[in-house]
Protein chains: 2
Amino acid sequence: MNSNEKPQWNGCPTRYAAGIVGDKWCFLLLRDVLLHGKRTYREFLASPEGISTNILANRLSKLETLGMLTREADPRKASSVCYFPTQKSKDFLLALVSMMVWATQYDEVTEAPASFAESFSNDPAGTIAWYEAEIDRVDQALRSS
Amino acid sequence: MNSNEKPQWNGCPTRYAAGIVGDKWCFLLLRDVLLHGKRTYREFLASPEGISTNILANRLSKLETLGMLTREADPRKASSVCYFPTQKSKDFLLALVSMMVWATQYDEVTEAPASFAESFSNDPAGTIAWYEAEIDRVDQALRSS
DNA sequence: CTCTCCACTTGCATTTTGCAAGTAATTTAA
DNA sequence: TTAAATTACTTGCAAAATGCAAGTGGAGAG
């Protein structure tokens, strides 16, 4: 990607979202970061979908460029790297969880418990706030270690 | 795509959603169907992103297979074809609009008016219901013509 | 009976992906 | 102290997906 040329996927909100989330691997990486507490290359690599190493490196750098992740040294081990979600990613939680609720409804072999969709429809804002608090808890613990 | 082999992108709700929406073109076609009232091949082709004819045919058939669209004869002209959104697509509206609100917040050159995000945060359910009513109005008019 | 419109399909060059292997900088273990 | 392992990548290459241009077949209009 030549960083001199601006992508013209702006303007229309759906097109803007498609430019980030309209990619299988970016989508799943956001899940791993926002919902599964994953922060390192190795953890992302271990996800059951089996992303390959070159694609993972490419997408992490794309998500960093897009302002969804920050790349920082791992406080636990200087040679390692952490990818943290930005506020922009965290603000994506509502959309992500909405998609999961929808998927839970239509995936015949869903592994998600009914309680998940239920708690979201009872209190959407509270559910999202809970996820965000979890993220902040994980990241504060990691950063101060 | 060999229809004999089942894709194992089920189980995890995010993975299920990624299998449908984690594709730029499917994503934008859903926008066109759900928010722009587009129903025909020709209308989809005219979208500013410039999908090519083979990809359009491929994605329309994929979305039909996935139960997001139904392919029917155009009531206005028997030789023409209409793609209608199913309930499954319409139920995706909440997630789609959530993404748009998020994109509107972060796209520096968004064309979406502030009133859009505002009305959604004031009354999410009402906003979605309005969109769904619009869709039903369009489709009922089309089907009975 | 020809001409146009519509919804595709086909062929082919280019791009992206997936897989396997390699690498460089630590860090742990013997 | 030195060899082995770990981490985060990069590289090369074959296979698949994409984009573009051109073609096809059926229905309807003139």
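Nothing here was measured: the structure is a model prediction, and the numbers come from that model. Every chain is numbered from 1, with letters handed out A, B, ... down the list of sequences.
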- Query: Is any side-chain N or O of A:Thr40 under 3.5 Å from a base N or O of D:dT7, one able to act as donor and the other as acceptor?
  - Reply: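 No pair found.
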- Message: Could you check whether the side chain of B:Ser52 and the base of D:dT18 have a donor-acceptor pair of N or O atoms closer than 3.5 Å, going by distance alone?
- Response: no
Taking the side chain as every heavy atom from C-beta outward, state whether [X] and [Y] have any atom pair closer than 4.5 Å.
X       : Y       : value
A:Phe27 : A:Leu96 : yes
A:Trp25 : A:Leu56 : no
A:Thr40 : A:Cys82 : yes

May I have the distance from [X] (atom [atom1]) to [N] (atom [atom2]), rounded to whole angstrom?
X       : N      : atom1 : atom2 : answer
B:Arg39 : C:dA7  : CZ    : P     : 14 Å
A:Ile51 : D:dT10 : CD1   : P     : 14 Å
A:Phe44 : D:dC9  : CZ    : C1'   : 14 Å
A:Leu63 : D:dC9  : CG    : P     : 13 Å
A:Asn54 : D:dA16 : CG    : P     : 16 Å
B:Asp23 : D:dA17 : CG    : P     : 12 Å
A:Glu64 : D:dC9  : CD    : P     : 9 Å
B:Leu45 : C:dT9  : CG    : P     : 14 Å

- Closest non-hydrogen atom pair between B:Ser98 and A:Ser98, with its separation: OG-OG, 3.6 Å
- Query: Under 4.0 Å between a side-chain N or O of B:Trp25 and OP1 or OP2 of D:dG19?
  - Reply: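 Answer is yes, contact under 4.0 Å.
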- Counting only non-hydrogen atoms, which of residues 70-86 of chain B are less than 4.0 Å from DNA chain C? B:Arg71, B:Lys77, B:Ser80, B:Val81, B:Tyr83
- Is it true that A:Arg15 and B:Asp107 have a side-chain N and a carboxylate O under 4.0 angstrom from each other?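 Answer for the salt bridge query: no.
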- State plainly whether the residues B:Arg39 and B:Asp74 are in salt-bridge range, i.e. N to O under 4.0 Å. no
Selected nucleotide, minimal atom distance to [X] side chain, candidates [options]:
X       : options                : result
A:Tyr41 : D:dT10, C:dG18, D:dC20 : D:dT10
B:Arg59 : D:dT18, C:dC8, D:dG19  : D:dT18
A:Arg42 : C:dA7, C:dC19, D:dT7   : D:dT7

- Task: Linking directly or through intermediates, with side-chain heavy atoms under 4.5 Å: list the remaining ILVMFWY members grouped with A:Phe84, chain and number order.
- Result: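 In the cluster with A:Phe84 are A:Leu142.
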